[in-house]
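Scroll down for the structure; my scribbles are underneath it.
Throughout, protein chains are lettered first and strands after them, A, B, ... in sequence-line order, and every chain is numbered starting at 1. Note that the structure is a prediction, hence the values are computed from the model and not measured.
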Amino acid sequence: KQEVTQIPAALSVPEGENLVLNCSFTDSAIYNLQWFRQDPGKGLTSLLLIQSSQREQTSGRLNASLDKSSGRSTLYIAASQPGDSATYLCAVSETSGSRLTFGEGTQLTVNP
Amino acid sequence: DTEVTQTPKHLVMGMTNKKSLKCEQHMGHRAMYWYKQKAKKPPELMFVYSYEKLSINESVPSRFSPECPNSSLLNLHLHALQPEDSALYLCASSQIRWLGNTEAFFGQGTRLTVV
């Protein structure tokens, strides 16, 4: 059974700092990995999708990397802003199936 | 358009009521999902429909009854719920490819309170 772990569980940083969120998974037979953002009481917003054959994806100040063989992904946020405060979730999609397995999330607070 | 629309946004129901949650997408996605999310926890998969057929049921109690009337709509019928069923219910969709499913898009959720 796939297990996804995110470290740290919570992170508080001053505005402007660069930061890294970590995600690890136990079964490397994944189809893709997605990073989501969730604001309190809201739905999930897709930030980046990395296919299993890719090493990284970038969108604006966000960069996600994937090392499938070691079961790890990182989300790098450059020049953090208070508006980045949210919970960040990573999720892996299984091959030949529809199951999407989530980590517990990292709650990020960016202080002005 | 990458929108998944869920209605209602909020729902309060008694333990003897029958209600339904609705989800709609027009991205041509053929996989649709129901997730349940409790506070400060990740979403938990409940059901998956692939090509309008139920493909995954994560041992969900029968008081939750999913329905996929067509490729754009997904319903979740609720009956005789318990207070512990209070949660945020999320709908999602993705496209089906031979080796796996594509990027998943989520709705804003229905906040359900059972009294």
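- With a 4.5 Å cut-off on non-hydrogen atoms, B/Gln37 touches chain A through its side chain but not through its backbone.
- Of the two parts of B/Gln6, neither the backbone nor the side chain holds a non-hydrogen atom closer than 4.5 Å to a non-hydrogen atom of chain A.
- When every heavy atom of B/Phe106 is checked against every heavy atom of A/Leu44, the shortest pair comes out as CB-O, 3.5 Å.
- The backbone N or O of A/Ser93 lies less than 3.5 Å from no partner atom in the side chain of B/Asn101, so there is not a single donor-acceptor pair.
- The minimum heavy-atom distance linking B/Ala104 with A/Ser46 is given by the pair O-CB, 4.1 Å.
- Taking both residues in full, the closest heavy atoms of A/Leu89 and B/Pro42 are given as CD2-CB, 4.3 Å, listed atom of the first, atom of the second, then distance.
- For B/Arg111, the CZ atom sits in a packed shell: over 12 heavy atoms of surrounding residues, nucleotides or ligands are nearer than 6.0 Å.
- A/Phe102 places none of its side-chain heavy atoms less than 4.5 Å from the side chain of B/Leu45.
- By the criterion of side-chain heavy atoms lying less than 4.5 angstrom apart, applied directly or through intervening Ile, Leu, Val, Met, Phe, Trp or Tyr residues, A/Phe36 is not grouped with A/Tyr88; the two fall into different hydrophobic clusters.
- When hydrophobic clusters are built by joining Ile, Leu, Val, Met, Phe, Trp and Tyr residues whose side-chain heavy atoms come closer than 4.5 Å, directly or via intermediates, A/Leu19 is grouped together with A/Leu47.
- Most heavy-atom pairs under 4.5 Å with chain A: of the set B/Pro43, B/Gly109, B/Gly107, this distinction falls to B/Pro43.
- Under the 4.5 Å side-chain heavy-atom criterion for Ile, Leu, Val, Met, Phe, Trp and Tyr, B/Tyr33 and B/Leu90 are members of the same hydrophobic cluster.
- B/Glu103 approaches A/Leu49 most closely through the heavy-atom pair CB-CD2, 3.7 Å.
- Residue-environment remark: CZ (A/Arg55) stays at or below the threshold of 12 foreign heavy atoms within 6.0 Å.
- B/Leu88 and B/Val4 sit in two unconnected hydrophobic clusters of ILVMFWY residues. Membership requires side-chain heavy atoms under 4.5 Å apart, directly or through other members.
- The residue among A/Leu100, A/Ile30, A/Val4 with the most heavy atom pairs within less than 4.5 Å of chain B is A/Leu100.
- The candidate from A/Glu104, A/Gln107, A/Gln6 with the greatest count of non-hydrogen atom pairs under 4.5 Å with chain B is A/Glu104.
- For chain A, the nearby part of B/Thr102 is the backbone; its heavy atoms alone come within less than 4.5 Å.
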Report task. Please assess B/Ile56 against A/Arg99 for the test side-chain contact (heavy atoms from CB on, under 4.5 Å), listing each intermediate value before the final yes or no. Result -> CA-CA 8 Å; B/Ile56 297 176; A/Arg99 195 178 304 277; 3.8 Å; yes
